[in-house]
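Keep in mind it's a predicted model, so treat the numbers as computed, not measured. Just follow the structure's listing: the first ligand is 1, and inside any ligand the first atom is 1. All heavy atoms count here, side chains included; hydrogens, waters and symmetry mates do not.
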Amino acid sequence: MTAAIVVKDLRKRYKDREAVRGVSFEVAQGEIFGIVGPNGAGKTTTLEMMEGLRRRDGGSVQVLGMDPAREPYRVRERIGVQFQMTAIQEKMRVDEALALFASFYRRRGDVAKLIAMLGLQPYLGQSFKNLSGGWQQRVSLALAAVHDPEIIFLDEPSTGLDPAARRELWEMIRGLREQGKTIVLTTHYMEEAEQLCDRVAMFREGEVALLDQPKRLVARMAGWDYIDFVSDDASLADIERLPCVQRAVETDGCIRVHGDDVQQVALAVLVLADSRGWRIRNLRFAAGTLDDLFVLLAGGEASGEARREGSAAKGEGSVAMGEGSGVV
Ligand SMILES: Nc1ncnc2c1ncn2[C@@H]1O[C@H](COP(=O)(O)OP(=O)(O)O)[C@@H](O)[C@H]1O
Ligand SMILES: [Mg+2]
C-alpha cells in the first residue's frame with residue numbers, strides 16, 4: 001500500500017488531560033479511512049494534527065511525505081478540510097463561496113466538474129441559509145475540494161443529516177474516491193463506518209483500540225450472539241451467576257445477555273424468571289454487529305454508568321475477540 005498519511009506515536013495534551021496518547025496508523029492512497037469512537041476519544045484532535053491545524057506534543061505525522069507542522073502551506077495546497085457551515089457567511093451565495101475558497105489556493109481544480117458531480121448547478125445562486133442540511137453538506141464538500149486536493153478530511157460529515165441525505169453524502173464521498181482521492185473521516189454512526197469506509201480505526205480514550213476493515217471487525221463479532229429483553233424486575237447480578245452466561249449488560253432499559261450458547265442462555269433466563277416471578281417482555285435473539293463492538297469497546301471503561309452494579313463480572317476483556325490481526 002502506498003501511504004498517503006503516516007502517523008506514528010502521535011500525542012497531544014491539553015493542560016492536565018492527555019487527549020491523544022500515542023496513536024499510530026497509516027492511510028493508504030485512495031482509501032476511505034474512518035475514525036470512530038465516543039465523544040472525547042481524540043478524533044478531532046488527531047484530525048487537526050494531521051491537517052496541520054493543531055500543534056502536536058509528540059510523535060510524527062507525514063502527509064504526502066510532508067510534515068504538516070513544518071510545511072503547513074505546502075500541505076494545505078494538497079489537502080482539503082471540510083469546515084463547519086458556521087464558518088461560512090449565511091448570506092453568501094454558493095457560487096460566491098466557491099470562488100472565494102478557490103481564491104485561497106494557487107492550485108486550481110476543475111470547479112465545473114465538481115459542481116456537476118455534486119449536482120450543485122441549480123443551487124449556485126442561492127444563499128447557504130436557504131439550503132437544506134443535505135445541500136449545505138454538499139456545498140461544504142465542494143468547498144473542501146475546490147483546489148483538487150489529494151486528501152480530503154471530513155469531521156463527522158453526516159451528523160444532523162437524515163438517512164436519505166446521509167446516503168447521498170456517501171455517494172458523493174465514493175465519487176471523490178473514484179477520482180483517486182484519499183478520504184479521512186470521523187463518524188459516530190457505525191452503519192456509516194461499515195458501509196462507507198475501507199478501513200476503520202476505533203479510538204478509545206486517545207488510543208487506537210482496533211483497526212481493520214469493517215467486515216473483519218464485524219467478523220470479530222461472530223459467535224457474539226446474545227438475547228435482548230425488557231424487564232422491570234430482573235436482577236442483572238442473578239442472571240450473571242447463571243453458568244451459561246458470560247456477561248449481562250443493561251442499556252436504555254434493555255437487558256442484553258451473552259453466552260456461548262444463546263439458546264441455553266434464553267432457556268436459563270426464562271426458568272430463572274419463572275422461579276423469581278420476573279416479567280420478561282420483547283425477548284429476541286440477535287447477532288453481534290459493528291455497533292455492538294463499538295459499545296463493548298467504549299464500555300471497556302467509558303460507559304460504565306450504563307451498566308447495573310455487578311455487570312461484566314465474567315468474560316471482561318473479551319473485546320479483542322478472535323485472533324487479533326488488526327489489534328494495534
Ligand atoms: N482546545 C481544547 N482545550 C482543552 N481540551 C480540549 C480541547 N479540545 C479538545 N479537548 C479535550 O480533549 C479530549 C479529546 O477531544 P476531541 O479530540 O475533540 O475528541 P472527539 O473528536 O473524539 O470527540 C476531550 O476530552 C476534550 O474535552
Ligand atoms: Mg470531534
Q) Looking at atom 14 (C) of ligand 1, what's its closest protein heavy atom, distance included? A) G40 O, 3.5 Å
(Q) Within the 4.0 Å heavy-atom shell around A19, which atoms of ligand 1 are there? (A) 12 (O), 13 (C), 14 (C)
(Q) Centroid separation under 6.0 Å, is that true for the rings of F25 and F33? (A) yes
Q) Are G42 and ligand 1 in contact, using a heavy-atom cut-off of under 4.0 Å? A) yes
Q) Side chains of D155 and T186: is there a donor and an acceptor less than 3.5 Å apart? A) yes
Q | R21 with E207: basic N within carboxylate O range, under 4.0 Å | A | yes
Q: May I ask you to identify the nearest protein heavy atom to atom 3 (N) of ligand 1, giving residue, atom name and distance to one decimal place in Å?
A: Y14 CD2, 3.5 Å
Q: Output, by chain and residue number, all protein N/O/S atoms separated from the Mg ion (ligand 2) by less than 2.8 Å.
A: T44 OG1
(Q) At under 4.0 Å between heavy atoms, is it the side chain or the backbone of R17 that contacts ligand 1, or both, or neither? (A) side chain
Q: Indicate yes or no for a side-chain donor-acceptor contact from K43 to the backbone of P38 under 3.5 Å, with no hydrogens or angles considered.
A: yes
Q: Evaluate side chain to side chain donor-acceptor pair (under 3.5 Å) for Y14 paired with T45, printing each intermediate quantity in order.
A: CA-CA 10 Å; Y14 296 114; T45 302; 2.9 Å; yes
Q.
I'd like to know if atom 10 (N) of ligand 1 has any protein heavy atom within a distance of less than 4.0 Å.
A. yes
(Q) Need the ligand 1 atom indices (1-based, order shown) with element for anything under 4.0 Å from a heavy-atom of T45. (A) 15 (O), 16 (P), 17 (O)
**Q.** Any N/O pair K43/ligand 1 closer than 3.5 Å
**A.** yes
Q. Under 4.0 angstrom from atom 26 (C) of ligand 1, is there any protein heavy atom?
A. no
Q: Test the R281-F229 pair against the cation-pi criterion, namely NZ or CZ under 6.0 angstrom from the six-membered ring centroid and within 45° of the ring axis.
A: no
Q. If we ignore angles and hydrogens, is there a donor and acceptor under 3.5 Å between the side chains of R76 and Y105?
A. no
**Q.** Atom indices of ligand 1 within 4.0 angstrom of N39 heavy atoms, with elements
**A.** 23 (O)
**Q.** Distance-only donor-acceptor check, side chains Q137 and Q82, under 3.5 Å
**A.** yes
Q. Would you call P38 a ligand 1 contact, heavy-atom distance under 4.0 Å?
A. yes
Q: Taking N282 for its side chain and V230 for its backbone only, find out whether a donor-acceptor pair lies under 3.5 Å.
A: no
Q | Closest to atom 21 (O) of ligand 1 (judged by heavy-atom distance), picking from T44, T186, L47 | A | T44
Q.
Test of understanding: with side chain to side chain contact (heavy atoms under 4.5 Å, CB included), list the residues that count as partners of Y123, not counting sequence neighbours.
A. Q126, L131, W135
Q: Looking only at non-hydrogen atoms, find the nearest pair between A248 and I239 and report the distance.
A: CB-CG2, 4.2 Å
**Q.** Polar contact flag, side-chain donor to acceptor under 3.5 angstrom, T187-E192
**A.** yes
